[in-house]
Amino acid sequence: MASAILGAGAMECVARRPRAALAVAGLGLLLGMRALRRSLAGRFRQVPGWPLVGVLPQVDGGKRLAQCMEKWASELGQEGAYEFSLMGTRYVVVCDWELGKQVFGQRPLNVTRNEAFEHVMPPLVGDGAFSAEGEKWKRHRKITSPAFNSTAVRGYFPAVRETVGLLVELLEAGAADGAPPTNFSRLLPLLSMEVVVKVVFGQESGALRHGQSVVTDLLFEVFAAIQERYLAPVPYWLLPGASLVGLGAGSGAAPRLKEEIRRLLAGIPEGDTSCLVTRLAEAEGDKLSRQEVEGNLSQFLLAASETTSSALAFAFHHLSLQPELQQQVAAEVAEKAPGGVQSQDQLASLKLVKAVWMETLRLRSPGPMLALSTAVPIEIAGRTVAAGVNIFVLTRYIQNHTPEAKVLGEDLGEFRPSRWLSANERFVEFATLDTIAFGHGVRKCPGQRLAEDEGVLVIAEVLRRFQLEKGADSLAEISAFAQSPAEDVVLKLSRRTAEAGARGRA
Ligand code: HEM
């Protein structure tokens with residue numbers, strides 16, 4: 001080892017003259033220290049880890065990633081950023097809002113989505129606004145944005161309402177005497193897929209009615225493949241014959257999903273002016289190619305489903321633990337939308353239900369962190385972070401730990417939706433962090449309005465009809481594409497009586 005540092009000539013000198021030996025050793029030490037200081041200059045406080053694998057044992061293969069990063073932020077994040085190493089890769093974690101805003105402000109060119117997305121998604125589903133970067137992203141986003149504006153989303157409301165109606169019909173069976181508890185974790189992904197299929201293509205896939213459908217099965221399969229490829233240490237699916245021995249990681253499902261998307265595109269009802277595809281077709285100016293349309297539609301389906309269903313599963317878990325809150329919600333719906341929610345305006349009047357949705361996203365965000373990369377060297381907290389470094393921005397941690405969060409109260413560990421409402425039923429001022437679960441800046445989620453319509457409507461319609469019996473006392477999370485419940489949310493339902501609704505109003 002010594003010969004590697006000092007060189008063979010110096011070794012000879014050391015043997016003959018001890019003083020010279022000391023001088024050479026000192027020089028070597030000095031040079032070594034300088035080199036070390038230079039390499040550490042841009043470093044933040046580091047999470048202790050193991051050689052080679054880094055923090056892998058702590059994060060349990062990634063499942064506890066968000067939880068661990070939030071804990072490390074409390075311990076090591078005084079500077080607003082810290083870092084860790086995972087399987088030899090460096091990750092810088094930003095846990096302060098000022099620094100977070102600076103990082104978001106560098107998008108879309110200097111800071112990109114974690115580069116793995118660009119490599120993993122397009123080969124399976126094609127190009128789209130979620131995975132594209134740079135000028136290509138600008139074009140995809142510009143052309144697809146009108147399909148998510150408030151007029152367009154208002155037009156999708158009947159489709160959302162109809163699909164939520166199907167869910168409620170299914171839940172009726174679960175509320176019958178002697179019926180087993182309802183597995184919300186099984187039903188909600190089907191609901192959110194069905195909502196987005198109906199909104200995008202103006203057709204029902206059959207997922208909710210029949211418990212499955214070709215397009216939803218393929219989407220679940222491709223979704224699993226994206227996660228598998230994203231986490232894989234090597235692209236084993238590229239090996240010759242990988243698919244034949246079951247190592248295709250979605251290679252079989254991806255072309256079938258494309259075919260299914262084409263079949264749905266061909267089946268759009270004549271004269272349908274409200275579905276998302278029609279909105280895209282009506283866009284003025286530059287158009288997407290057919291392949292780009294298909295890529296974007298697949299990416300919308302993927303981006304919309306697990307996020308919304310995960311948030312709703314958490315919402316029902318928390319509601320099940322607070323019967324009084326359930327009654328208050330039911331009473332609000334009974335007062336503002338007596339025959340059920342018929343319009344977006346009625347939906348907007350349900351302040352407490354919206355507060356339940358916001359509280360769910362605050363405490364149980366499906367996207368508690370954003371995985372980004374530097375495309376060029378950038379400054380973070382006075383240090384230069386080189387190009388090609390992975391950055392996590394801990395959005396949920398920031399939302400709950402920034403000093404401004406005091407407007408929401410001191411009990412931020414509790415699920416208490418009323419914190420969002422001030423005395424005159426206005427929402428507490430906490431912009432822009434109130435919607436940080438959807439990201440921030442130019443790449444903020446375009447589906448926010450649609451997700452909110454679905455989330456608020458589902459909570460309102462389910463609690464209008466049913467009471468949820470108490471579920472598990474606590475519900476752990478796992479990190480995947482979306483932060484999700486670690487256990488299925490399984491709850492016993494009973495039909496709500498008129499008296500129960502009235503009690504909530506009293
Ligand atoms: C509760 C539900 C949802 C949550 C929490 C959520 C959250 C997010 C987040 C955190 C991002 C990344 C933002 C960023 O990089 O700054 C994102 C991006 C995106 N979301 Fe959502 N989302 C939800 C529902 C939806 C829905 C319903 C759709 C559409 C049908 C959708 C479509 C997209 C798309 C296309 C992007 C990529 C935007 C871009 O990179 O330009 N999302 N979403």
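Whatever order the structure lists them in is the order used to number ligands and atoms, beginning at 1. All values reported here derive from a predicted model rather than from experimental measurement. FYI, side chains are in, hydrogens and waters are out, and symmetry mates aren't considered; it's all heavy atoms of this structure.
Of all the heavy atoms of Leu370, the ones lying under 4.0 Å from any atom of ligand 1 belong exclusively to the side chain.
Lys354 forms a cation-pi arrangement with Phe427, by the criterion of a distance under 6.0 Å to the ring centre and an angle within 45° of the ring axis. In this structure, Arg90 forms no cation-pi arrangement with Phe84, as its terminal cationic atom is not both closer than 6.0 Å to the ring centre and no more than 45° off the ring axis.
Proximity of Arg141 to ligand 1 is established by a heavy-atom distance of less than 4.0 Å. Close to ligand 1: Arg107, with a non-hydrogen atom less than 4.0 angstrom away.
Nearest protein neighbour of atom 40 (O) of ligand 1, counting heavy atoms only, is Arg113 NH2, 2.6 Å. Looking at atom 14 (C) of ligand 1, its nearest protein heavy atom turns out to be Arg443 O, 3.2 Å. When only non-hydrogen protein atoms are considered, atom 10 (C) of ligand 1 lies nearest to Ala437 O, 3.3 Å. For atom 29 (C) of ligand 1, the nearest protein heavy atom (residue, atom name, distance) is Phe148 CE2, 3.7 Å. Ranking the protein heavy atoms by distance from atom 18 (C) of ligand 1 puts Phe130 CE1, 3.7 Å first.
Atom CD of Glu487 is surrounded by 12 or fewer heavy atoms from other residues, nucleotides or ligands within 6.0 Å.
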Derivation and outcome, ring-ring contact (aromatic ring centres under 6.0 Å, His included), residues Phe148 and Phe300: CA-CA 11 Å; Phe148 293 100; Phe300 296 160; 5.0 Å; yes

*Would you please test Phe481 and Tyr230 for ring-ring contact (aromatic ring centres under 6.0 Å, His included) and show each step?*
CA-CA 9 Å; Phe481 181 82; Tyr230 184 68; 8.5 Å; no

Given side chain to side chain contact (heavy atoms under 4.5 Å, CB included), test Leu468 with Gln326 step by step and report yes or no.
CA-CA 8 Å; Leu468 310 169; Gln326 289 187 47; 3.7 Å; yes

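A side-chain N or O of Arg362 and one of Asn400 form a donor-acceptor pair less than 3.5 Å apart.
You'll find the side chain of Phe220 reaches within 4.5 Å of the side chain of Met193, heavy atoms only.
Counting the atoms of ligand 1 from 1 in the order shown, those under 4.0 Å from a heavy atom of Ala129 are 39 (C), 40 (O), 41 (O). Listed by atom number, the atoms of ligand 1 under 4.0 Å from Trp137 heavy atoms are 39 (C), 40 (O), 41 (O).
For the pair Asp272 and Arg279, the salt-bridge criterion is not met [side-chain N within less than 4.0 Å of a carboxylate O]. For the pair Lys136 and Asp127, the salt-bridge criterion is met [side-chain N within less than 4.0 Å of a carboxylate O].
Excluding waters, the set of protein N, O or S atoms lying under 2.8 Å from atom 21 (Fe) of ligand 1 comprises Cys445 SG.
Ring orientation note: the planes of Phe184 and Phe316 are tilted relative to one another, at an angle of 30° to 60°.
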